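Just below is one structure, and these are the notes that go with it.
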Amino acid sequence: MAGEIQPIVMPKWGLAMEEGVVTAWNVAAGATIAKGQEIADIETSKIANVFESPVSGTLRRLVAQPGETLPVGALLAVVADKSASDADLDAFIAKFSESFKEALAAKVTEKKPEPETVEIAGGRRMRYLKLGSADGPPVVFVHGFGGDLNNWLFNQEALAEHRTAYAIDLPGHGGSSKDVGVGDLASMTAALAAWLDALRIARAHLVGHSMGGAVSLQLAAAKPDMVASATLICPGGLGPGIAMDFINGFIEASRGKKLEPVLQMLVANPALVTRDMIEDVLKFKRIDGVDAALKKMRDALFPGGRQADALRDSLAKLKTPVQVIVGAKDRVIPATHARGLPGNVKVHVIENAGHMPHMEASSEVNRLIDEIAG
Amino acid sequence: MARKTVRQAINEALRQEMERDPRVILMGEDIAGGLGSPGEQDAWGGPLGVTKGLMPQFGRERVLDTPISESAFVGAAVGAAAMGLRPVAELMFVDFFGVCFDQIYNQAAKFKYMFGGKAVTPLTIRTMYGAGFRAASQHSQCLYPIFTHIPGLKVAIPSNAYEAKGLLTQSIRDDDPVIFFEHKAMYDEAVEVPDDPYTIPFGQANVSREGDDVTIITLGRMVNFCNQVADKLAKEKIGCTVVDLRTTSPLDTETILETASETGRVVVVDEAHPRCNMATDISALICQEAFDDLKAPIKMVTAPHCPVPFSPALEDIYIPGPPKIEAAVRAVMGHA
């Protein structure tokens with residue numbers, strides 16, 4: 001629409017985020033920007049990341065000052081074409097600020113979604129977070145080794161706009177029971193299937209990262225009726241390689257100083273790893289049973305320092321739509337595992353990402369998930 | 001994750017350890033309340049309600065209301081620990097240690113050493129400390145330096161509810177006697193605390209803020225004060241590292257020396273009296289091991305060498321609060 005003025009607002013990265021700081025603008029007022037372009041650096045208490053523009057157009061005004069702390073949803077910048085006059089922009093900004101103030105006041109009483117738990121077969125507790133509510137198969141996010149449902153803070157809300165989106169904690173992780181059984185891939189896959197049964201989800205779009213990617217692939221192969229599509233992000237199971245210095249470092253580090261370089265192996269840009277992120281991992285590792293669970297999984301998943309499960313051959317037989325997303329700079333599972341996959345698998349290589357493309361290039365990954373989930 | 005107060009976090013740690021291990025018992029004055037009287041049982045749950053609800057769940061056999069005789073019940077707790085139980089005794093105010101210290105420093109602390117390493121004494125003594133409660137000089141002291149002085153005792157001093165649950169759980173599971181200090185002005189302070197049991201290892205300090213200019217080393221209630229100062233000064237581009245010691249015995253000398261060397265400007269903040277306290281001990285350590293990295297003399301921020309005043313105005317001045325800490329940071333920054 002000609003003359004349309006579009007706001008760019010403070011994004012919400014995860015449930016806990018209430019405010020953020022634009023630490024730097026990477027574009028100047030007057031610049032032409034494209035959707036997905038990295039236009040600013042934003043920092044919260046939990047995370048620092050680049051902010052990708054949600055819209056395309058001419059950046060007419062930068063409203064947020066670098067260093068200024070602003071609530072989620074606050075106006076950061078305004079995009080509009082030349083037909084909008086300066087007076088139009090001023091009026092737009094004034095009106096936006098007014099209605100935002102009212103929205104903020106209303107939000108105080110709003111109930112925030114909280115993770116829930118459900119008991120699955122065998123009496124184990126599984127924690128999950130449900131966002132959005134729509135008909136059709138939901139999206140289910142499955143994290144990797146040592147992760148939890150919070151790993152999807154850049155993805156779950158975006159995907160929940162038009163569908164139901166769940167993120168789960170696998171056994172041994174997050175708020176789920178720390179009993180991992182024998183700790184192998186099959187036991188994780190069985191837990192995911194049991195969780196889907198417990199929630200009466202007959203069919204889901206699975207999005208699995210790393211170990212969770214292998215879990216998703218194994219479920220798609222074993223129970224194709226349950227899986228509407230599979231998005232495998234830097235998945236395990238496609239080759240033998242695994243960085244054991246990451247796995248062992250993650251298990252052994254009990255101090256922030258030792259854990260920091262280990263977590264930095266996950267990402268192309270080490271600045272993404274904040275003190276709070278390190279602290280959250282340490283807090284997880286201190287929970288009763290976690291150390292034993294991680295070691296059990298390590299021994300079952302990576303005997304002799306290699307991935308035990310070879311799932312590559314199952315790909316060609318899948319009728320389910322499958323895509324693989326890898327980061328070219330992955331230092332945990334080699335990106336080369338995504339080479340030479342059968343023709344029914346769409347492969348997307350993200351150049352500037354490491355092992356966490358869903359965090360490092362979230363809008364691209366969200367777009368791909370949205371596309372395959374239809 | 002739910003926010004819990006220090007009071008709730010300690011109660012949860014006690015409850016979960018009692019559920020996990022039948023050898024864990026509680027002893028102390030009015031920790032349930034009502035024993036032997038016809039009225040309400042569990043009326044008190046300790047003087048500030050920390051142990052409330054535990055007696056109804058675990059019974060009087062495991063939650064023991066004791067006579068007002070620290071020398072008797074602390075001694076009984078030491079004996080119970082030596083015989084295989086894992087008692088958690090509540091010394092209502094640490095200021096009362098004078099009547100039961102022999103049982104602690106000359107008995108419990110020595111068993112392992114004197115019986116060839118074969119005896120274990122898994123005793124935890126929870127005790128209240130600190131000024132700011134208008135409780136006068138006999139109920140307000142920070143006496144952890146005295147316990148830290150004794151080899152064979154471990155000393156844990158949590159700085160918030162998360163730390164309290166993890167350090168108390170570790171205290172109860174530890175095979176040595178642990179003195180666990182609870183600041184009476186902090187019971188209602190809340191942070192996010194996991195529902196699951198967890199432990200924080202002893203002897204690992206927590207770096208709660210990171211900055212390049214000044215290292216503030218501190219413990220207990222002072223940690224929050226130092227964090228506030230660090231956050232305030234960060235806006236003026238003065239970067240402070242804040243080290244929360246967590247335990248004074250064992251002491252994390254590695255983190256102390258590393259963070260002191262990184263900035264070369266050190267402020268040690270300790271609510272205890274200034275002679276022979278943690279501030280002097282840590283300053284001496286840094287002077288011996290990291291002297292060449294110092295860019296300014298170390299500043300100590302402590303209470304004055306006088307009993308805690310009863311006058312509210314004087315007590316407020318007595319406490320080494322944020323303004324004094326901020327002034328010390330500015331002073332080490334100003335040193336050429």
Side-chain angles (χ1 to χ4, degrees), chain A residues 14-16 18 21 23 43 45-46 48 65-69 112-117 124-127 129 148-150 169 171-179 252-260 271 273-293, chain B residues 1-3 9 12-13 16-17 19-21 159-170 172-173 191-211 227 230-231 234-237 239-244 246 252-259 261-262:
Chain A
L15 280 183
E18 284 172 358
V21 184
T23 49
E43 212 174 289
S45 63
K46 292 272 177 214
Q65 299 302 311
E68 191 182 355
T69 302
K112 283 187 209 159
E114 292 276 348
E116 300 164 66
T117 56
R124 287 190 288 173
R125 184 183 80 234
M126 295 248 311
R127 187 179 72 152
L129 174 66
D148 67 21
L149 56 82
N150 295 313
D169 289 337
H173 295 81
S176 291
S177 292
K178 302 304 177 290
D179 172 8
E252 279 152 25
S254 69
R255 290 166 181 269
K257 263 230 145 70
K258 304 255 159 57
L259 187 60
E260 188 172 10
V273 176
T274 58
R275 251 181 42 75
D276 273 43
M277 200 189 282
I278 296 166
E279 197 51 41
D280 283 349
V281 172
L282 286 176
K283 283 181 176 170
F284 160 64
K285 278 155 49 71
R286 288 182 194 130
I287 302 264
D288 274 9
V290 167
D291 186 61
Chain B
M1 213 185 299
R3 285 173 72 84
E12 191 168 275
Q16 288 176 341
E17 287 311 285
E19 283 169 350
R20 192 185 61 84
D21 186 344
S159 60
N160 62 39
Y162 174 83
E163 298 285 323
K165 182 175 170 185
L167 289 171
L168 182 55
T169 304
Q170 177 62 37
I172 295 170
R173 295 181 190 180
V191 297
E192 288 195 343
V193 177
D195 296 335
D196 285 326
Y198 59 92
T199 54
I200 297 175
F202 286 170
Q204 284 194 10
N206 181 39
V207 179
S208 64
R209 294 289 187 278
E210 271 176 26
N227 287 339
D231 293 343
K235 292 183 183 134
E236 297 178 29
K237 304 284 174 217
C240 297
T241 289
V242 177
V243 177
D244 171 4
R246 282 182 172 150
D252 184 357
T253 55
E254 185 186 325
T255 299
I256 291 170
L257 293 171
E258 214 172 76
T259 54
S261 294
E262 274 165 7

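Computed from a predicted model, the values in this text were never measured in an experiment. A, B, ... follow the sequence lines: proteins, then strands. Residue 1 opens every chain.
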Ion pair Asp288(A)/Arg20(B), N-O distance below 4.0 Å: no
Arg125(A), part contacting chain B, at a heavy-atom distance under 4.5 Å: side chain
Side chain / backbone / both / neither for Lys178(A) at chain B, heavy atoms under 4.5 Å: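 Contact with chain B involves the side chain of Lys178(A) alone.
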Minimum heavy-atom distance between Arg286(A) and Tyr162(B), given as atom pair plus value: NH1-OH, 3.0 Å
Arg275(A) side-chain N/O to Ser208(B) backbone N/O, donor-acceptor pair under 3.5 Å: yes
Neighbour count above 12 (heavy atom, 6.0 Å) for Glu18(A) CD: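 Check fails, neighbour count at 12 or below.
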Contacting moiety of [X], where chain A heavy atoms sit under 4.5 Å:
{"X": "Glu254(B)", "answer": "side chain"}
{"X": "Pro197(B)", "answer": "both"}
{"X": "Asp195(B)", "answer": "neither"}

Best-contacting candidate, Gly289(A), Gly175(A), Gly256(A), Ser254(A), against chain B by heavy atom pairs under 4.5 angstrom: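 When all of Gly289(A), Gly175(A), Gly256(A), Ser254(A) are compared, Ser254(A) has the most.
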Heavy-atom check, side chain of Asp252(B) versus side chain of Arg255(A), under 4.5 Å: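 Sidechains of Arg255(A) and Asp252(B): in contact.
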Student check: side-chain heavy atoms of Lys257(A) and Thr255(B) closer than 4.5 Å: no
